[in-house]
Chemist: 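Quick one: this structure, given as structure tokens, is what I'll be asking you about.
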There are 2 protein chains.
Amino acid sequence: MSNRRDAVHAILRQSEGFRSAQDVYAEMRAEGAKIGLTTVYRALQALADTGHVDVLRTDDGESVYRACASGDHHHHLVCRRCGRTVEVAGPAVERWAETIGSEHGFTEITHTVEIFGTCGSCATAAKPLRTPSRA
Amino acid sequence: MSNRRDAVHAILRQSEGFRSAQDVYAEMRAEGAKIGLTTVYRALQALADTGHVDVLRTDDGESVYRACASGDHHHHLVCRRCGRTVEVAGPAVERWAETIGSEHGFTEITHTVEIFGTCGSCATAAKPLRTPSRA
DNA sequence: CCGGTTTTGACAACCATTTTCATTTACGCG
DNA sequence: CGCGTAAATGAAAATGGTTGTCAAAACCGG
């Protein structure tokens, strides 16, 4: 029912890290695809709803999406320079979150965990550092 | 140099959980304070920069702020219903993040961890559940 | 009181995201 | 095959939080 949605998904699959909706849209247009921004957004939301892609928010509030290797619950280690992403699993963290939650009487516990860093290649390629405001 | 900034800080201090900028602004105006939205934003940013308040983004991209009990690094357990917040420390998680990062050759590692749940009181007070899209 | 700097705030500008709504496409059915 | 309804699409407008602009107001030292 939607080759557009598949097209969007395809773009994500062939991308390394997280891409923004606008970004995906721009690339598709650049490739000559006839698609509207609205449709890209809708496709991305649908994909996210069905768990085919991961979503997360950048610091400036933009939503970024990425095709996931697995449908399982996992977290990301993202290079703040090039956006390269590594999927990581952390059973310990899952358990920790659950525990902390229950200890305080919370139920239906979910959590978000994202790790940011500078990957090896980017660290080597000397570029102006973005001074982290706080540890 | 800014009793406005202190005023903003005060609002946060007397609040239970995280508040949005618009929210803080509305409350201050309601209390009769003569302050502009712009100033509230600036105060909030300044406070965040100096580490006096914590910032995090809600799922819909809104920034929310909260006066922190401690200036130390910590995470939050937030009730998705009433917004009540508990500050939690998780040395294990910090270490885990560091480890995962280094294992993949990443440096300058930072991370975000937020736990969401429904607190005891809210769980009791039956309200329509917000179906979580994914676990 | 004066010049200079900082802070403030009304308002416009931004920009990602959403909504609206009319058009197009897909498809089942007679 | 032709028609009708429903789903999909996309251009443009609306939203809404946040940021930028800029002139007026508050401060400050002299």
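Throughout, protein chains are lettered first and strands after them, A, B, ... in sequence-line order, and every chain is numbered starting at 1.
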Chemist: On the 0 to 90° scale, with breaks at 30° and 60°, tag the His75(A)-His111(A) ring pair as parallel, tilted or perpendicular.
Modeler: tilted
Chemist: Please report, rounded to the nearest Å, how far the P atom of dT17(C) is from the CZ atom of Arg19(A).
Modeler: 14 Å
Chemist: Please report, rounded to the nearest Å, how far the C1' atom of dA16(C) is from the CG atom of Leu56(A).
Modeler: 16 Å
Chemist: Nearest-Å distance, CE (Met28(B)) to P (dG9(C))?
Modeler: 9 Å
Chemist: Calculate the interatomic distance between Leu44(A) atom CG and dT9(D) atom P; express it in whole Å.
Modeler: 13 Å
Chemist: Without decimals, in angstroms, what is the distance between Tyr41(B) OH and dT18(D) P?
Modeler: 4 Å
Chemist: Ignoring hydrogens and angles, state whether a donor on the side chain of Glu114(A) or Thr112(B) is under 3.5 Å from an acceptor on the partner side chain.
Modeler: no
Chemist: Heavy-atom count around Arg84(A) CZ within 6.0 Å, excluding the residue itself: above 12?
Modeler: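 Atom CZ in Arg84(A) is not crowded, with 12 or fewer foreign heavy atoms closer than 6.0 Å.
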Chemist: When the distance from CZ of Arg4(A) to P of dT24(C) is rounded to whole Å, what number comes out?
Modeler: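 In whole Å, dT24(C) P and Arg4(A) CZ are 14 Å from each other.
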Chemist: Does Arg42(A) or Leu37(A) map to a spot on DNA chain C nearer the 5' end, using the closest nucleotide for each?
Modeler: Leu37(A)
Chemist: Do the side chains of Leu47(B) and Tyr65(B) get nearer than 4.5 Å, heavy atoms only?
Modeler: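 SC-SC contact between Tyr65(B) and Leu47(B) ruled out.
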Chemist: Should Gln45(A) be listed as having a side-chain N or O under 4.0 Å from OP1 or OP2 of dT18(C)?
Modeler: yes
Chemist: Are Thr38(A) and dT9(D) close enough that a side-chain N or O sits under 4.0 Å from OP1 or OP2?
Modeler: no
Chemist: Hey, does Ser20(B) reach any base, or is it just sugar-phosphate, or nothing, if we go heavy atoms under 4.0 Å?
Modeler: nothing
Chemist: If I take atom OH in residue Tyr25(B) and atom P in nucleotide dC11(C), what distance separates them, rounded to the nearest angstrom?
Modeler: 10 Å
Chemist: Is any side-chain nitrogen or oxygen of Arg5(A) closer than 4.0 Å to OP1 or OP2 of dA8(D)?
Modeler: no
Chemist: Rounded to the nearest Å, what distance is computed from the CG atom of residue Asp23(A) to the P atom of nucleotide dC15(C)?
Modeler: 16 Å
Chemist: Touch check for Glu62(B), heavy atoms < 4.0 angstrom, all strands: base, sugar-phosphate only, or nothing?
Modeler: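 The residue Glu62(B) makes sugar-phosphate contact but no base contact.
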Chemist: For the pair Arg66(B) and Glu87(B), find out whether any cationic side-chain nitrogen is under 4.0 Å from an anionic carboxylate oxygen.
Modeler: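 Salt bridge present between Arg66(B) and Glu87(B).
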